[in-house]
A.B. asks: 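My structure is below; once you've seen it, I'll send some questions.
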Amino acid sequence: MQDILLCLSIGHLLPYSMSDSNTTDFTNPSTFILLGIPGLEVAHVWISIPFCSMYIIAILGNFTILFIVKRETSLHGPMYYFLCMLAVTDLVLSTSILPKTLSIFWFNSREIDFNACLTQMYFMHCFSVMESGIFVAMALDRYVAICHPLRHSTILTNPMIAKICLAVVLRGGFFVLPYLLLARRWPYCSNKIIPHTHCEHMAVVKLACADTHLSSYYGLFVLFSVIGLDVFFITVSYTQILRAIFSLPTKDARLKTLGTCSSHLCAILAFYISALFSSLTYRFGHNVDLHFHVFIANVYLLVPPMLNPIIYGVRTKQIRDRVLLLFTQKET
């Protein structure tokens, strides 16, 4: 999704302009150079501490979610299947960028192979789109569970859940594939420096010696046709859910029902608010330093995978009880 954020900006964020002597083009560069966070090179080691901490929390938290759901047969239901898919997506999303980022911070390993760069770019954007789709699927599950509780088990059957998950995966792969094909198509200049910690799509495309408006326009298309529609469907679903909740006769019933979807709302807010903040920074923050743009882009990709297992572990009683029971049994 970061390609969307960069293509929305007006003006060139890259401080590395290409002179006439630097425009010799070639189709397939062997490597790119990732700068990390430009302007904060001396602080890379210190910045790596919170980044690494967030990554460790994301790994432990999401694997805990997967372990608890797999172990407890009582949690084998639509909500927890989607939650497991979200955990896997968060693991791949954070792992697609952070190991290379830490190698830059710790070992000054800035080079990345061209094909490896495109692979990282594909996985990062593909799983970002998938995560947004999973939130739509989880909103659908909450809508059916609260607005049509008697039909929940007949509507969201295991085959239906499998089809929804397959659609989410295929949609992510299909919509992001043109990013990869277009990036491979462009001829690239001799300037191979990417002022970023990872191979963000538009940051790579900006190094091309060609008219890359097609990549920018396609990024806008993905923004409005995929992310925009996801936000719309989630909003509609929760509008209906809130109407159903506030029509319940007693306050206790309203609070109990609202609590069942509060964790999902928190996860949605963590994902889309960080995305919106990063987007607005790129769109309107023309006077903001480049290192702040890069830092926000990393936070956007690391904070949701860290927060999601914490949110669901704390707010979902079934998971919270299983985790406490697991540690209690170990102590015993």
A.B. asks: What is the ring orientation for H213 with Y217, classed by angle as parallel under 30°, tilted 30 to 60°, or perpendicular over 60°?
C.D. replies: tilted
A.B. asks: Between OG1 of T89 and CE of M130, what distance do you get to the nearest 0.5 Å?
C.D. replies: 4.0 Å
A.B. asks: Determine the minimum heavy-atom distance between P38 and L290, stating which atoms define it.
C.D. replies: CG-CD2, 3.9 Å
A.B. asks: Taking the six-membered ring for Trp, are the ring centroids of F295 and F292 within less than 6.0 Å of each other?
C.D. replies: no
A.B. asks: With distance as the sole test, does E41 use its side chain to make a donor-acceptor pair with the main-chain N or O of G39 at under 3.5 Å?
C.D. replies: yes
A.B. asks: Side-chain contact, heavy-atom cut-off 4.5 Å: L93 with P304?
C.D. replies: no
A.B. asks: Carefully, step by step, assess E131 and N308 under the rule side-chain hydrogen bond (donor to acceptor under 3.5 Å, both in side chains).
C.D. replies: CA-CA 11 Å; E131 180 150 347; N308 287 341; 3.3 Å; yes
A.B. asks: How far does OH of Y122 sit from CG of L177, to the nearest 0.5 angstrom?
C.D. replies: 5.5 Å
A.B. asks: Carefully, step by step, assess T212 and W186 under the rule side-chain hydrogen bond (donor to acceptor under 3.5 Å, both in side chains).
C.D. replies: CA-CA 8 Å; T212 58; W186 306 125; 5.8 Å; no
A.B. asks: Check for a donor-acceptor pair, side chain of Y188 on one end and backbone N or O of A183 on the other, with a separation under 3.5 Å.
C.D. replies: yes
A.B. asks: Any heavy-atom pair between the side chains of Y272 and I227 that's under 4.5 Å?
C.D. replies: yes
A.B. asks: Find out if a path of hydrophobic residues (ILVMFWY) with successive side-chain heavy-atom gaps under 4.5 Å connects I56 to V88.
C.D. replies: no
A.B. asks: Please report the C-alpha distance between F32 and R110 in whole Å, then the side-chain angles of each, then the deciding distance to 0.1 Å, and finally whether the side chain to side chain contact (heavy atoms under 4.5 Å, CB included) criterion is met.
C.D. replies: CA-CA 8 Å; F32 286 123; R110 301 175 184 272; over 6 Å; no
A.B. asks: List the steps, then state whether side chain to side chain contact (heavy atoms under 4.5 Å, CB included) holds for S109 with K100.
C.D. replies: CA-CA 8 Å; S109 176; K100 182 58 183 177; 3.5 Å; yes
A.B. asks: Would you say the side chain of L83 lies within less than 4.5 Å of the side chain of I134, judging by non-hydrogen atoms?
C.D. replies: no
A.B. asks: Quick one: do T101 and L34 satisfy side chain to side chain contact (heavy atoms under 4.5 Å, CB included)? Show the steps, please.
C.D. replies: CA-CA 9 Å; T101 299; L34 294 168; over 6 Å; no
A.B. asks: Any idea which heavy atoms bring M124 and S128 closest together, and the distance?
C.D. replies: O-OG, 2.8 Å
A.B. asks: Distance from D141 atom CG to I161 atom CD1, nearest 0.5 Å?
C.D. replies: 7.5 Å
A.B. asks: Counting C-beta onward and ignoring hydrogens, is there a side-chain heavy-atom pair between C117 and V204 closer than 4.5 Å?
C.D. replies: yes
A.B. asks: Evaluate the criterion side chain to side chain contact (heavy atoms under 4.5 Å, CB included) for residue pair M306 and L302; output intermediate values, then yes/no.
C.D. replies: CA-CA 6 Å; M306 176 193 69; L302 289 175; over 6 Å; no
A.B. asks: Dump the intermediate steps for ring-ring contact (aromatic ring centres under 6.0 Å, His included) on F82 and F135, then the final yes or no.
C.D. replies: CA-CA 9 Å; F82 292 139; F135 283 131; over 10 Å; no
A.B. asks: Backbone N or O of V129 within a donor-acceptor pair of the S132 side chain at under 3.5 Å?
C.D. replies: no
A.B. asks: Would you check if the side chain of E200 reaches a backbone N or O of M202 as a donor-acceptor pair within less than 3.5 Å?
C.D. replies: yes
A.B. asks: Should L60 and I68 be regarded as members of a common hydrophobic cluster, given that ILVMFWY residues are connected when their side-chain heavy atoms come within less than 4.5 Å of each other, either directly or indirectly?
C.D. replies: no
A.B. asks: Check P78 against H152 and note the closest heavy-atom contact, atom names and distance.
C.D. replies: CG-CE1, 3.7 Å
A.B. asks: To the closest 0.5 Å, what do you measure between CD (E111) and NZ (K192)?
C.D. replies: 7.0 Å
A.B. asks: For the backbone of V92 and the side chain of T95, can you confirm whether one donor and one acceptor N or O come within less than 3.5 Å of each other?
C.D. replies: no
A.B. asks: Would you call the rings of H201 and Y179 parallel, tilted or perpendicular if under 30° counts as parallel and over 60° as perpendicular?
C.D. replies: parallel
A.B. asks: Quick one: CG on L181 to OG on S215, what's the gap to the nearest 0.5 Å?
C.D. replies: 10.5 Å
A.B. asks: Report yes if some heavy atom in the side chain of C189 is under 4.5 Å from a heavy atom in the side chain of L207; otherwise report no.
C.D. replies: no
A.B. asks: Roughly how far, to the nearest 0.5 Å, is the CG atom of L102 from the CD1 atom of I49?
C.D. replies: 11.0 Å
A.B. asks: State, with a plain yes or no, whether a side-chain heavy atom of I193 is found less than 4.5 Å away from one of L35.
C.D. replies: yes
A.B. asks: For residues V294 and P195, report the shortest heavy-atom separation together with the two atoms involved.
C.D. replies: CG2-O, 3.4 Å
A.B. asks: Do I47 and I37 touch side chain to side chain, with heavy atoms closer than 4.5 Å?
C.D. replies: yes
A.B. asks: Please determine whether residues F246 and V236 belong to a single hydrophobic cluster, defined as Ile, Leu, Val, Met, Phe, Trp and Tyr linked transitively by side-chain heavy-atom distances below 4.5 Å.
C.D. replies: yes
A.B. asks: Would L170 and Y81 show up in the same hydrophobic cluster when neighbours are defined by side-chain heavy atoms closer than 4.5 Å?
C.D. replies: no
A.B. asks: Indicate if M54 and W46 have the same hydrophobic cluster label, given that clusters are the connected sets of ILVMFWY residues with side-chain heavy-atom separations under 4.5 angstrom.
C.D. replies: no
A.B. asks: Can any side-chain N or O of S94 pair as donor or acceptor with the backbone N or O of L91 at less than 3.5 Å?
C.D. replies: yes
A.B. asks: Could you tell me how the ring of F105 sits relative to the ring of F51: parallel (under 30°), tilted (30 to 60°) or perpendicular (over 60°)?
C.D. replies: tilted
A.B. asks: For the residue pair Y143 and H148, does the interplanar ring angle fall in the parallel (under 30°), tilted (30 to 60°) or perpendicular (over 60°) class?
C.D. replies: perpendicular
A.B. asks: Less than 4.5 Å apart, side chain to side chain, heavy atoms only: is that true for F114 and T31?
C.D. replies: no
A.B. asks: Identify the heavy atoms of A244 and I146 that sit nearest to each other, and give their distance.
C.D. replies: CB-CG2, 4.2 Å
A.B. asks: Please name the pair of heavy atoms, one in I241 and one in A139, separated by the smallest distance, quoted to 0.1 Å.
C.D. replies: CD1-O, 4.2 Å
